[in-house]
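Everything on this sheet refers to the single structure shown next.
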Amino acid sequence: MPAELDPSAGDALLGAPQHETEERLRAARKIAEDALRANATRFGLVIETQRDVAAAALDLDDVMKLICERTQLVTRAGSAEIVLIRDGELVLGAASGFSTRNVGDRVSKAGTLSGWAFENDESAFCMDTEDDPRIDEATAAGEGTRSMVVVPLRHAGQTVGLIQVMSDKPDCFQIEDLNTLELLSVVLSSAMSHASEFEAKRAQVEALARFEAMVTAAVIGIAVVDRNGRVVETNPALSEILGYGPEELLGRSLNDHAHPGDITTEAVAFDELMHGERDAYRLEKRYYAKSGDLVWAYVAVSPVPDADGNPHVAIEMIEDITQRKLAEEQLREHAERSEHQALHDALTGLPNRVLFQDRIEQGLLQAERDGGRIGVLLLDLDHFKEINDTLGHASGDHVLKEVSARLQACVRASDTVARLGGDEFGLLLPGLGDPAEIAHVLDKLTAAIQESIELEGLPLGIEGSIGVAFYPEHGRDVQTLVKRADSAMYAAKQDNRPYAFFEHPTESSEPTRASLVCELRLALDRGELDLYYQPKARLTDGSVQSVEALLRWFHPERGLTLPDEFIPHAQETGLMKPLTLHVLDRALGQLHAWDAEGLELAVSVNVGTRNLIDLGFPDDVAAALAKWGLPATRLELEITESTVLQDPHRTGIVLDRLDALGIRLSIDDFGTGYSSLAYLHRLPVSEIKIDRSFVTNMEHDEDGAVIVRSTIELGRNLGLAVVAEGVEDAETCSLLAELGCDSVQGFHLSHPLPAAELATWLRSRVGAAAAASR
Ligand code: C2E
Ligand code: CA
Ligand code: CA
């Protein structure tokens, strides 16, 4: 292909010298013709080489070898070499003739023409190596070279090597040889590029084959999937793992066999991967093999970009890690088992002391955060040692198991029942709103323990003592709480009581609020609470139309406990509602009983803030009246100013409803609060009771007398009945009558009395009045 020939070839053709004389012209023509002929021969050889190279197998080594031989022939050189540049070094690529070097040998750069041509990146021509400053004589002599030509070999604009011809005689080459070499270098260059392309392709094909072999032989499952996750290619290992043949996998999504729980998370990741929004990802995933077995797999998915760099398929590597997972599972189970063993009692399976304390610790942290209350209970069985000694350990074990089952049945799932050792159990009751909540649990626990246990066909009675300590009242850390529950338990044992609350030694006569409220709750259930009644008499005629119900608590140990000791505590807890409903029920029940005896009275019941913000309260009151078949007019409710002021909006609603029912409302302890008169006027009240602190000493206390007088006037102006309470003597009574007070209540008339005594008192009074009027 002449078009590919170096333009310098043309210059050489036309470059023949011109002479003026015929002779010289002729001689010159001859030379030119010879040169032309010689050139033509050379060109012929170059073109032939080109054609041969094109026709030859496209192996780079063969191409270089062929070129060397042709070059040697064309230049009539002793030898020809192609030297390649690899990593900045000169390496023999091919040789012919006397060259003793082997392909791959290093060609020295120092002191050689090859080196000079390489460094200067230009052709070099040497007439005599012994007379050339560029060349080290000895090196040249070693190679047997006296004259040589070197031409750089360029490929894709870069010098990639040299082509050189050598002779063992000086002056053996002409400038034409340089031209020829340059021409050949072009041929070689294009042949080399064809060959290297071919090499690259072959390398690609080989790599592909290697890859395919690898994929086929891989123990890891491999699938190539398209943008939609459908399998395009798969390997035998994947079939091995999933049990599905390639034909069953191709064209379908691997998710068809995935565990439903693992599909969504991966779907999101795959979608992002295919949109180029994320890199390769790895995850653990479960598949169902064809056999139905669950297969755990470690899946690595990486995108394969198309020519534009956008992901068009993805390669999924799926490693079967089922065995590892099973091993892990076993390890974990083993660890859990040994942890369970370390923290639980072997006999009953209950948490042991260590776990119990840990649970308390957790409970305390929670309680500190949410301000809750915790109950820590210790239970010790009585006479357990005797059971063990007389009936044997098997019976003892049976009792312990039975008791632990019963204890668990008494508490919520969030509570903890633990066996602390021997016959000692611990209970943790977290999240108690108010201590009263524990009362039911204590009752249940006591009943559960006392219920007899069948042993060898015989019922055996069991007893135990429970000690109770509360966070925060009795302690704020695990040790203190447990210690105090323990000392409470011993107190219970000593007094032969089923349970006891911890009591601070210094104030042992004064129970803490927590235990008091708790005991109150139990007292309510056990009927330890009773009502006393105090009459209210009209000053005009001395008649008694109504009585006030006042709570009395007959505590088994402390004896009579007055309401001022416990009502304020109950007010702060959820106990207030059942307590008031209890009083209502008892008071109305009493009216009902008196009715039957021919004694028709109204009753006043005291209510607290909690009752008045309870929107269900009016319905409860109505239900109580209905239960005893009494009209609303027979009931009076006493409320205090401060009660109303707590939440005026809600109390307003409740009071209106109570008023609508027809119930009389009375403002108790008037004068001690801060209600504005205008506000009072808006409330549906019909009576005010002047607080006894102003009344009791009014004849000696100027201020008290002023307040009583102005209150009576105020009541008049507002159209309200005025009652004076705490009237202890006749002088006060007559003073109040003078001031226009409507009614009185107090020791002067009567102390609060039990129902039966009040009835007797009333009858004797009516009798006395009748006798007096006679
Ligand atoms: P209160 O509503 O002011 O009840 C009158 C209190 O004054 C009663 O005390 C009564 O025994 C006492 N008292 C009566 N006459 C005299 C007297 O002449 N002189 C003196 N110094 N005191 C007299 P008690 O029964 O101890 O009740 C105290 C408070 O406890 C009551 O004050 C009331 O606020 C509350 N309370 C009593 N029972 C109940 C109840 O069932 N529910 C509610 N929410 N509170 C009650
Ligand atoms: Ca009262
Ligand atoms: Ca009062």
Side-chain angles (χ1 to χ4, degrees), residues 517 520 523-524 528-537 544 546-554 560-590 602-614 617 620-621 624 635-644 646 651 664-673 685 687-699 701 704 708 722-733 736 743-755 757-758 761:
V517 170
L520 184 60
L524 194 57
E528 288 171 16
L529 296 176
D530 212 349
L531 291 181
Y532 273 32
Y533 299 91
Q534 189 179 34
K536 191 163 71 176
V544 173
S546 83
V547 293
E548 179 175 1
L550 295 161
L551 261 174
R552 294 294 178 265
W553 179 5
F554 297 94
L560 176 66
T561 308
L562 288 173
D564 281 336
E565 263 185 74
F566 59 88
I567 292 285
H569 298 302
Q571 290 271 30
E572 290 166 31
T573 72
L575 196 55
M576 205 51 208
K577 181 172 178 169
L579 194 69
T580 301
L581 295 184
H582 174 83
V583 173
L584 261 177
D585 185 58
R586 294 292 301 273
L588 295 174
Q590 189 57 56
V603 72
S604 296
V605 166
N606 295 282
V607 296
T609 311
R610 283 203 174 229
N611 304 123
L612 294 188
I613 57 169
D614 173 6
F617 184 63
D620 292 335
V621 175
L635 178 65
E636 200 166 46
L637 296 178
E638 298 193 3
I639 59 180
T640 62
E641 297 163 276
S642 53
T643 291
V644 176
Q646 292 275 327
T651 13
R664 279 167 60 87
L665 297 172
S666 166
I667 298 279
D668 205 355
D669 303 343
F670 188 82
T672 57
V685 290
E687 182 185 85
I688 44 181
K689 294 180 83 175
I690 310 172
D691 190 71
R692 61 176 185 265
S693 59
F694 308 116
V695 176
T696 306
N697 263 322
M698 65 180 283
E699 62 265 49
D701 171 8
V708 171
V722 178
V723 183
E725 56 175 28
V727 180
E728 296 184 354
D729 46 54
E731 292 97 308
T732 312
C733 213
L736 286 164
S743 305
V744 288
Q745 194 183 346
F747 297 166
H748 173 63
L749 193 62
S750 167
H751 279 264
L753 298 171
E757 285 177 40
L758 182 92
W761 177 84

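Numbering of ligands and ligand atoms starts at 1, following listing order.
Considering backbone and side-chain N/O of Phe747, one or more are found under 3.5 Å from N/O of ligand 1. Among the atoms of Gln571, none of the N or O lies under 3.5 angstrom from an N or O of ligand 1. Geometrically, ligand 1 and Asp668 share a nitrogen or oxygen pair separated by less than 3.5 Å.
Close approach to Glu548 involves these atoms of ligand 1, each under 4.0 Å from a residue heavy atom: 2 (O), 4 (O). The atoms of ligand 1 that sit less than 4.0 Å from any heavy atom of Gln534 are 14 (C), 15 (N). Taking a cut-off of under 4.0 Å to the non-hydrogen atoms of Glu725, the atoms of ligand 1 that pass are 3 (O). Every atom of ligand 1 is numbered from 1 in the order shown, and the set under 4.0 Å from a heavy atom of Met576 is 44 (N). Taking every heavy atom of Asp669 and a limit of under 4.0 angstrom, the matching atoms of ligand 1 come to 3 (O). Taking every heavy atom of Gly746 and a limit of under 4.0 angstrom, the matching atoms of ligand 1 come to 15 (N), 18 (O). If you number the atoms of ligand 1 from 1 as listed, the ones under 4.0 Å from a heavy atom of Val727 come out as 18 (O). Atoms of ligand 1 lying under 4.0 Å from at least one heavy atom of Val583, given by number and element, are 41 (O).
With a cut-off of 3.0 Å, the Ca ion (ligand 2) has an N, O or S atom of Asn606 in range. The Ca ion (ligand 2) has an N, O or S atom of Asp668 under 3.0 Å away, backbone or side chain. At least one N/O/S atom of Glu548, from backbone or side chain, sits under 3.0 Å from the Ca ion (ligand 2).
Across all non-hydrogen atoms, the minimal contact from Thr696 to Gly726 is OG1-O, 3.0 Å. Closest approach of Ala724 to Val695, counting heavy atoms only: CB-CG2, 4.0 Å.
For the side chain to side chain contact (heavy atoms under 4.5 Å, CB included) criterion with Asp669, the lone passing option out of Lys689, Glu725, Arg692 is Glu725.
From Thr640, atom OG1 reaches atom CG of Asn606 across 9.5 Å, with rounding to the nearest 0.5 Å.
Look at Arg552 and you'll find a heavy atom under 4.0 Å from some atom of ligand 1. The shell of residues lying under 4.0 angstrom from ligand 1, judged by heavy atoms, excludes Thr696.
Under the ring pair (Phe, Tyr, Trp, His ring centres under 6.0 Å) criterion, Phe566 pairs with Trp553, not counting sequence neighbours. With sequence neighbours excluded, no residue forms a ring pair (Phe, Tyr, Trp, His ring centres under 6.0 Å) with Trp761.
Taking 4.5 Å as the limit, every side-chain heavy atom of Val723 sits out of range of all side-chain heavy atoms of Ile690. Looking only at side-chain heavy atoms (C-beta outward), Leu551 and Leu579 come within less than 4.5 Å of each other. Side-chain contact between Asp691 and Phe670 is absent, with no heavy atoms from C-beta onward closer than 4.5 Å. Asp614 is listed as a side-chain neighbour of Asp620, based on a closest heavy-atom distance under 4.5 Å. Counting heavy atoms from C-beta on, the side chains of Val603 and Tyr533 come closer than 4.5 Å.
Across Pro563, Ala549, Ser666, heavy-atom proximity to atom 30 (O) of ligand 1 is greatest for Pro563. Looking at Asn606, Leu529, Ile639, Thr643 and measuring to atom 43 (C) of ligand 1, the nearest heavy atom belongs to Asn606.
Contacts between Val605 and ligand 1 below 4.0 angstrom, taking non-hydrogen atoms only, are absent altogether. Using a 4.0 Å cut-off between heavy atoms, Arg692 contacts ligand 1 through its side chain alone, with no backbone atom that close. Residue-level proximity to ligand 1 for Leu551 is carried by backbone and side chain together, each with a heavy atom below 4.0 angstrom.
If you look at Glu638 and ask which of its N, O or S atoms sits nearest the Ca ion (ligand 2), the answer is OE1.
Lys536 has no carboxylate O lying under 4.0 Å from a charged side-chain N of Glu548, or vice versa, which leaves the two without a salt bridge.
Side-chain N/O atoms of Glu699 and Thr732 include a donor and acceptor closer than 3.5 Å.
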